[in-house]
Number of protein chains: 2
Amino acid sequence: MTERNAGSPSISKSEQAYTAIKAKILGGEFTPGYRLVLAALAADLGCSVVPVREAIRRLEAENFVTFERNVGATVAGIDPTEYLYTMQTLSIVEGAATALSAPLITASDITRARAINAQMRECLNNFDPVRFTSLNQQFHSVLFENCPNPHILDLVHRGWNRLQALRSSTFSYVPGRASESVAEHEGLLQILESGAPVEDIERAARAHRASTLDAYLARSTPEQQAQGPLALSY
Amino acid sequence: MTERNAGSPSISKSEQAYTAIKAKILGGEFTPGYRLVLAALAADLGCSVVPVREAIRRLEAENFVTFERNVGATVAGIDPTEYLYTMQTLSIVEGAATALSAPLITASDITRARAINAQMRECLNNFDPVRFTSLNQQFHSVLFENCPNPHILDLVHRGWNRLQALRSSTFSYVPGRASESVAEHEGLLQILESGAPVEDIERAARAHRASTLDAYLARSTPEQQAQGPLALSY
DNA sequence: AGATACGAAATCGTATACAATCATCGTAGT
DNA sequence: ACTACGATGATTGTATACGATTTCGTATCT
């Protein structure tokens with residue numbers, strides 16, 4: 001038997017670099033505007049610059065970094081409107097993913113989601129934002145992971161990643177929003193159980209995200225609020 | 001004054017490679033399944049393999065090619081369901097982009113779109129698919145280019161690119177669909193002129209794409225038709 | 001003092017070289 | 001005849017080297 005990867009990498013440096021840099025962006029270690037210097041990253045990762053370049057170009061194509069010729073890469077999303085745009089985009093693709101998943105969802109899925117939401121409710125006392133966010137993602141994953149269209153699912157995942165990057169750097173949590181969110185989750189589950197038409201499910205999923213955005217906007221500057229019709233939930 | 005780029009490139013080989021390869025994919029020269037060999041591409045482009053690698057990783061992040069470690073890259077989308085998924089995704093993001101553009105659209109935009117649609121109508125005799133497709137893209141551009149959310153706009157553009165790649169390789173045009181399309185365009189314009197609520201506009205934009213998909217499905221195999229609830233237009 | 005021109009340091013861009021890995025095909029053994 | 005195995009060629013993965021470009025500090029001129 002040909003023993004594959006006997007302790008040796010089998011995972012390319014390029015992949016390692018991609019994962020490591022992305023993790024640092026998502027984790028908030030590299031905040032928006034941070035300058036990504038090839039040589040420094042390479043030294044940090046213990047490899048040469050070539051794999052790092054590849055990783056950065058990939059991250060660029062995923063809109064996690066911006067790149068300028070002969071100048072270099074910086075972590076994207078320094079603009080506060082970025083959060084608005086990301087949330088809006090996510091509301092659309094997540095709404096669609098949830099709607100497309102709905103016909104395929106099982107009773108056991110619903111039970112699982114409800115259990116997660118119960119944990120979120122418990123989590124409201126001694127509020128731990130990290131745990132709450134993780135549970136929130138798990139909850140929504142149950143609702144949209146059945147989506148048969150891989151492209152849409154991919155867009156949803158990218159949106160969540162992007163959101164995580166923005167959250168761990170610039171944007172803070174809105175007090176009181178967490179408990180609202182838990183309540184809305186229960187509403188979503190009931191709509192799903194009732195076998196409502198997909199249109200209603202999409203509308204509800206969108207509205208859920210839109211109200212998170214509204215909660216944020218309510219505390220933000222008038223200029224941001226005047227960004228035009230951003231909600232797109234009916 | 002420092003003369004910038006005096007005849008010299010100023011555009012990187014990496015960028016050239018990216019553009020060239022993407023163009024060949026979109027143009028149908030590299031059809032789905034085509035094996036992209038680094039050395040061959042590099043020789044073709046007159047550069048070394050490093051820029052080509054970067055270009056390919058970027059194309060991978062945009063889902064134009066699939067990549068396997070130590071094996072290489074192949075042009076993506078060989079699966080016929082790919083067309084369904086792409087159309088569905090596009091119906092969602094384009095619907096949203098059109099709806100978000102609607103409040104910002106001007107009377108002159110409408111006039112311009114109507115002129116383009118008139119050219120499409122003329123084009124129906126002596127049907128030229130390439131010209132028709134180009135006009136079609138121009139028409140829809142007018143309707144969604146005002147979208148204030150750059151992320152969504154980017155997704156729409158990617159969708160159109162992806163569609164073009166699929167069209168120029170595997171999928172053919174559905175006879176008779178073109179004239180239907182022109183008629184639907186006029187309907188869209190009237191809804192926009194009437195100042196209908198964004199919800200209606202989004203619905204109409206989705207439905208327009210959905211009916212193109214339906215026309216395709218009507219001639220395809222039963223297995224594809226049984227792919228589940230793909231329409232998501234109400 | 002302010003603006004401009006110059007130069008050095010930092011950084012990116014790409015070619016080349018070589019190691020690592022995988023696919024193919026021929027050969028030996030059953 | 002068929003399968004297991006090993007050599008060979010093709011292709012990818014990465015390091016290093018060096019040229020190209022930008023940036024920024026400094027000196028010079030007005």
Side-chain angles (χ1 to χ4, degrees), chain A residues 1-22 24-25 30 32-62 64-76 78, chain B residues 1-22 24-25 30 32-62 64-76 78:
Chain A
M1 177 190 286
T2 319
E3 183 56 48
R4 191 170 180 149
N5 60 349
S8 73
S10 167
I11 182 162
S12 68
K13 303 266 180 124
S14 168
E15 196 66 27
Q16 287 178 260
Y18 171 79
T19 307
I21 297 170
K22 188 167 174 179
K24 291 194 178 186
I25 293 176
F30 293 163
Y34 185 93
R35 177 89 185 278
L36 296 170
V37 178
L38 293 179
L41 292 170
D44 198 39
L45 294 161
C47 69
S48 79
V49 296
V50 179
V52 176
R53 282 184 64 92
E54 265 181 40
I56 285 185
R57 295 315 277 260
R58 283 214 278 162
L59 290 167
E60 183 200 10
E62 291 183 64
F64 280 108
V65 308
T66 61
F67 197 83
E68 198 179 348
R69 153 116 185 169
N70 282 321
V71 174
T74 56
V75 176
I78 203 169
Chain B
M1 178 189 285
T2 318
E3 184 55 49
R4 193 171 179 149
N5 59 347
S8 72
S10 168
I11 184 161
S12 67
K13 303 265 178 127
S14 169
E15 196 65 28
Q16 287 178 259
Y18 171 79
T19 307
I21 297 170
K22 189 167 174 179
K24 292 195 177 184
I25 293 176
F30 293 164
Y34 185 91
R35 175 88 184 278
L36 296 170
V37 178
L38 293 179
L41 292 170
D44 197 39
L45 294 161
C47 68
S48 79
V49 296
V50 179
V52 177
R53 283 184 64 91
E54 265 182 38
I56 286 185
R57 294 316 278 259
R58 283 215 276 163
L59 290 168
E60 182 201 9
E62 291 183 64
F64 280 108
V65 309
T66 60
F67 197 82
E68 199 179 348
R69 155 115 210 214
N70 281 321
V71 174
T74 57
V75 177
I78 202 167

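In what follows, chains are A, B, ... by sequence order, proteins preceding strands, each numbered from 1.
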* A:R53 has an atom CZ; how far is it from atom C1' of D:dT16, in whole Å? -> 15 Å
* Nearest-angstrom distance from the residue atom CD of A:E68 to C1' of D:dT23 -> 12 Å
* To do: Output the residues of residues 35-49 of chain A in contact with DNA chain D, where contact means a heavy atom of the residue under 4.0 Å from an atom of the strand; sort by number or write none.
  => A:C47, A:S48
* **Minimum heavy-atom distance B:C47-B:V52, with the two atoms named** => SG-CG2, 4.0 Å
* Under a 4.0 Å N-O cut-off, is there an ion pair linking A:E54 with A:K13? -> no
* Would you check if A:K24 and A:L36 make a side-chain contact, meaning some heavy-atom pair closer than 4.5 Å? => no
* Carboxylate-amine/guanidinium contact A:E15 B:R57, below 4.0 Å -> yes
* Length of the CZ-P vector between A:R57 and D:dG13, whole Å -> 18 Å
* Sugar-phosphate only, base, or nothing, as touched by B:V71 at under 4.0 Å among non-hydrogen atoms -> sugar-phosphate
* To do: Return the stems involving DNA chain D, sorted by first number, where pairs are Watson-Crick (N1-N3 with N6-O4 or O6-N4) or G-U wobble (N1-O2 and O6-N3), both under 3.5 Å, and runs are 3 or more long.
  => C:1-30 with D:1-30
* Length of the line joining B:N70:CG and C:dA19:P, which is rounded to integer Å -> 16 Å
* To do: Round to the nearest Å and state the distance from B:K13 atom NZ to D:dG19 atom C1'.
  => 12 Å
* N-O pairing of A:E62 and A:K22 below 4.0 Å -> yes
* Distance below 4.0 Å between A:R69 side-chain N/O and D:dT21 OP1 or OP2 -> no
